[in-house]
Each structure stands twice: as structure tokens, then as C-alpha cells.
Amino acid sequence: MAQTVYASAPSRIDFGGGTLDIYPLYLFFGGGLTINAAIDLTAQVWLTQRDDERISIASLDTGATLDCDGPVQRLPMAGPLALITRVLRHYGVEGGIDVKTQLLPPHGSGLGASSTLFIALSHAVLAYQGKPCEPARIIRVSNHLEAQLMGMPAGIQDYYPPTYGGMNAVHYDIDETWVESLDPDGLFTPELQRHLIVTYTNITHHSGTTNWMKMRNYFDGVPRTVESLSNIKATALRFYDAFRLRDVQAIAQLLNEEWENRKGLADGVTTPEIDHMMDAAHLAGAWGSKLCGAGGGGCMLTIAPPEQRDEVIAALEAQGARYLHASLVQEGVHVDASDGDVTGC
């Protein structure tokens with residue numbers, strides 16, 4: 001068992017196909033497809049073995065702390081640190097341990113921060129225990145733990161960028177889910193980065209509630225939701241082609257199309273404040289924009305000509321958004337351990 005472990009994993013921006021990564025929705029549309037990319041706003045985890053049986057947990061970004069005597073089964077399943085305690089309990093961490101975590105994405109960002117923390121923490125715990133890390137199993141377990149935590153189904157796309165990094169198409173079908181790199185030679189990443197702007201709207205979003213409304217609308221047969229989900233699938237396929245052709249302008253126009261699709265899923269996906277931000281960005285020269293994640297707030301993804309970046313950023317900030325220095329990254333989860341066998345991580 002390792003005495004100390006550090007792990008970090010990138011969060012993600014999503015271009016298209018979201019919501020259809022929630023089981024079983026994609027089964028009703030002939031399979032699903034999401035297009036996303038990893039960015040360097042990371043989740044970080046530090047695990048340190050203690051000489052006693054005490055378990056100490058600290059979230060550096062929220063300030064939440066928890067101290068209790070072991071064993072790990074005594075940790076609470078609810079509360080502000082429930083994500084962490086559920087992972088520790090599931091993997092059966094033994095003995096005393098200090099756990100520290102830090103999330104760099106803003107809270108309620110729509111960047112899949114909680115899923116990123118699940119991935120980083122799970123890899124860290126398995127490395128700490130000297131056990132092999134099987135990415136597919138970790139993704140499945142993390143998704144199930146997050147669904148338990150939220151009390152409702154959780155989408156699965158958010159676990160893939162933290163695990164694998166890069167730009168990816170994630171395919172969902174009856175018998176399997178698989179990930180496909182959309183930039184295997186790494187040459188498109190710097191070109192897209194030149195056009196990419198990520199801002200935080202300063203409006204917190206709650207993906208679980210928003211996604212539940214969309215699912216309920218679908219199963220209730222709300223026509224605009226059913227039509228919007230069908231359109232989301234069609235737009236995701238066009239995103240796939242645009243990425244393979246490395247056509248930045250086509251990707252930008254599809255952002256607009258994806259956002260129109262998403263607004264039809266449920267009330268609350270957009271707000272007047274968000275509409276004003278997007279209008280301002282487009283007037284300043286942006287080619288396309290959409291919110292990341294489920295909508296309702298969080299971070300905005302914008303694509304603009306490189307020569308218009310400063311004007312677009314200024315226009316968004318004038319409407320209350322905050323520019324985030326977020327860069328695309330090729331690498332997924334990273335683990336450093338001492339005195340332990342971390343084969344597979």
C-alpha cells in the first residue's frame with residue numbers, strides 16, 4: 001500500500017450530444033453520441049497514510065472538513081463531503097488516512113467537476129491500495145455512485161475526458177459504450193484552442209434537477225422535448241463529421257444549433273441573463289456559443305476568430321461573465337504514488 005498518493009484529472013467542455021448519455025434515453029434514439037474535450041481545470045486529490053486509525057477529510061475549495069475514528073464504514077453517506085466518503089467506503093479503504101481534495105472549476109460550472117473528482121479520487125484510492133486501475137470499471141462505478149448521491153440517473157459522458165484526456169467522441173449503444181479520439185495526432189488541438197473561449201456566467205447551475213426535468217418531459221411525451229432530443233442526436237452526428245474534417249467554423253455554427261436544440265428540452269435551460277451574454281458575444285464577432293452541461297447557468301463555450309477574441313471576452317465580461325484561462329489537454333488522469341504498486345494507473 002502506498003504511503004502517499006497524488007492524483008489529478010482534467011474536467012471537460014462538451015460540444016454536442018449531451019442528455020442522450022443518460023441511460024436509458026440513448027436506447028430510444030438508436031444509440032447516443034457525445035462530443036467533448038478535456039481542459040486543464042482539474043480535480044486534485046492527496047491521500048496520506050496516518051499512524052493511527054483516524055480518517056480526516058478536507059475539501060480545500062469549499063472549506064468543508066470531516067474527522068472521525070475508523071473504520072471507513074463509519075463515514076456518513078450524506079453531507080457536504082458525501083462524494084468523498086462514498087468512494088472511500090465503496091473501495092474499502094483500511095486504516096487511518098488524510099484526504100484532501102481541490103476542484104479548480106467554479107462550483108456549478110457545468111464542466112462535470114463532480115464526475116472529474118470521482119475519477120481522480122477513485123484512481124488515487126486504488127493506487128493507494130496497490131490495486132490495478134481498470135478505466136471502464138472505474139467509470140461504471142463512479143456513474144453508479146453519483147446516481148446514488150443525486151438520487152436520480154446521471155449522464156456518463158463526463159467521466160471520459162477526465163479518464164482519457166483529449167478530444168473525443170463517446171458512442172453509446174445496446175451492448176457497449178466506447179470512446180474514439182477525434183484528434184489522434186494532436187494537430188487539431190492547438191488550432192481549436194486559438195478560437196476557444198470559456199467563461200463562467202456567474203450563475204450556478206444544478207444539472208441533476210435540470211436533467212430530471214428533461215427525462216420526465218421525454219417519458220411524459222412532451223412533443224418539444226422528444227423533438228429536441230432527436231435533433232440533438234442529429235447535430236451530434238454533424239459535430240462528429242466537422243471534427244473529423246477539422247472545420248472550426250462548422251463546429252462553431254453547430255454550437256448555435258446545439259444550443260437551440262437544448263433550449264427546447266425544458267424550461268430553465270436558458271435565462272434572460274444568459275441570452276444577453278450570448279447576444280453580446282455574437283455582436284462582438286463570435287461565431288457560436290452554448291452553455292456547457294445541462295444548462296441553466298454554469299460555463300459558456302464560445303468559438304470566435306482569433307483576431308476577435310479580446311473583443312468577445314470583453315463583451316462577455318461586460319454582461320457579468322468571468323473569463324477562465326482554460327486550455328485543451330491531451331492527457332487524462334495522472335497518479336503519483338510512493339511505496340506502492342500502482343500497476344494499471
Side-chain angles (χ1 to χ4, degrees), residues 10-22 26 29 31-41 105 109-112 115-116 155-162 164-172 177 179-184 188-199 201 205 207 211 228-229 231-265 269-270 274 278 281-282 286-295 298-304 312 324 326-330:
S11 56
R12 64 99 182 97
I13 51 176
D14 61 294
F15 292 85
T19 306
L20 286 179
D21 62 319
I22 302 174
Y26 57 83
F29 293 88
L33 170 68
T34 54
I35 310 294
N36 51 41
I39 57 173
D40 61 355
L41 298 178
S109 64
L111 299 178
S115 302
T116 302
I156 199 168
Q157 73 155 316
D158 292 355
Y159 308 102
Y160 284 88
Y164 297 103
M167 299 179 195
N168 297 302
V170 186
H171 304 263
Y172 314 89
T177 297
V179 61
E180 173 188 4
S181 173
L182 293 174
D183 189 26
F188 185 45
T189 296
E191 175 62 16
L192 184 59
Q193 182 68 56
R194 293 173 61 239
H195 297 79
L196 196 63
I197 299 168
V198 181
T199 52
T201 63
H205 93 133
S207 62
N211 281 332
S228 293
L229 285 170
N231 291 339
I232 283 171
K233 169 70 180 290
T235 301
L237 292 172
R238 287 193 283 273
F239 264 120
Y240 180 76
D241 291 337
F243 268 88
R244 287 168 62 87
L245 292 171
R246 304 187 172 188
D247 188 336
V248 177
Q249 283 190 285
I251 292 169
Q253 292 304 313
L254 287 167
L255 284 184
N256 297 326
E257 183 176 307
E258 168 71 7
W259 182 236
E260 289 302 315
N261 295 339
R262 195 147 298 280
K263 288 191 294 184
L265 288 174
V269 171
T270 192
I274 292 167
M278 290 196 178
H282 294 163
W287 289 336
S289 297
K290 69 174 286 287
L291 289 189
C292 292
C299 287
M300 184 182 298
L301 174 60
T302 301
I303 293 179
V312 172
L324 301 180
S327 297
L328 299 168
V329 291
Q330 295 284 359

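Throughout, residue positions are numbered sequentially from 1 according to the sequence presented.
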Inset, instruction - With rounding to the nearest 0.5 Å, note down the distance linking CD in E260 to CD1 in I232. - result: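 Rounded to the nearest 0.5 Å, the CD-CD1 separation comes to 11.5 Å.
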Legend entry - Any D21 side-chain heavy atom under 4.5 Å of V170 side chain: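 Side-chain contact under 4.5 Å: no.
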Inset, instruction - Compare all side-chain heavy atoms of T34 with those of Y160 and state whether any distance is below 4.5 angstrom. - result: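 T34 does not reach Y160 side chain to side chain.
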Legend entry - side chain to side chain contact (heavy atoms under 4.5 Å, CB included) partners of D241, counting only residues at least two apart: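 By the side chain to side chain contact (heavy atoms under 4.5 Å, CB included) rule, D241 matches no residue at all.
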Legend entry - Under the side chain to side chain contact (heavy atoms under 4.5 Å, CB included) test, residues paired with S11 that sit two or more places apart: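 S11 satisfies side chain to side chain contact (heavy atoms under 4.5 Å, CB included) with I39, L41, P105, L111, T116 only.
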Review item, side-chain donor-acceptor pairs of residues 286-294, under 3.5 Å, at least two apart:
{"from": "S289", "atom 1": "OG", "to": "T302", "atom 2": "OG1", "distance (Å)": "3.1"}
{"from": "K290", "atom 1": "NZ", "to": "D14", "atom 2": "O", "distance (Å)": "3.1"}
{"from": "K290", "atom 1": "NZ", "to": "D14", "atom 2": "OD2", "distance (Å)": "3.0"}

Inset, instruction - List the atom of I274, the atom of W259, and the distance in Å for their closest heavy-atom pair. - result: CG2-CZ2, 4.1 Å
Inset, instruction - Report the residue from I35, D183, N36 that forms a side-chain contact (heavy atoms from CB on, under 4.5 Å) with M167. - result: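 Among I35, D183, N36, the one that satisfies the side-chain contact (heavy atoms from CB on, under 4.5 Å) with M167 is D183.
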Under the ring pair (Phe, Tyr, Trp, His ring centres under 6.0 Å) test, which residues partner [X], sequence neighbours left out?
X: F239; result: none
X: Y240; result: H171
X: F15; result: F243

Inset, instruction - Check whether more than 12 heavy atoms from other residues, nucleotides or ligands sit under 6.0 Å from atom CZ of R244, and answer yes or no. - result: no
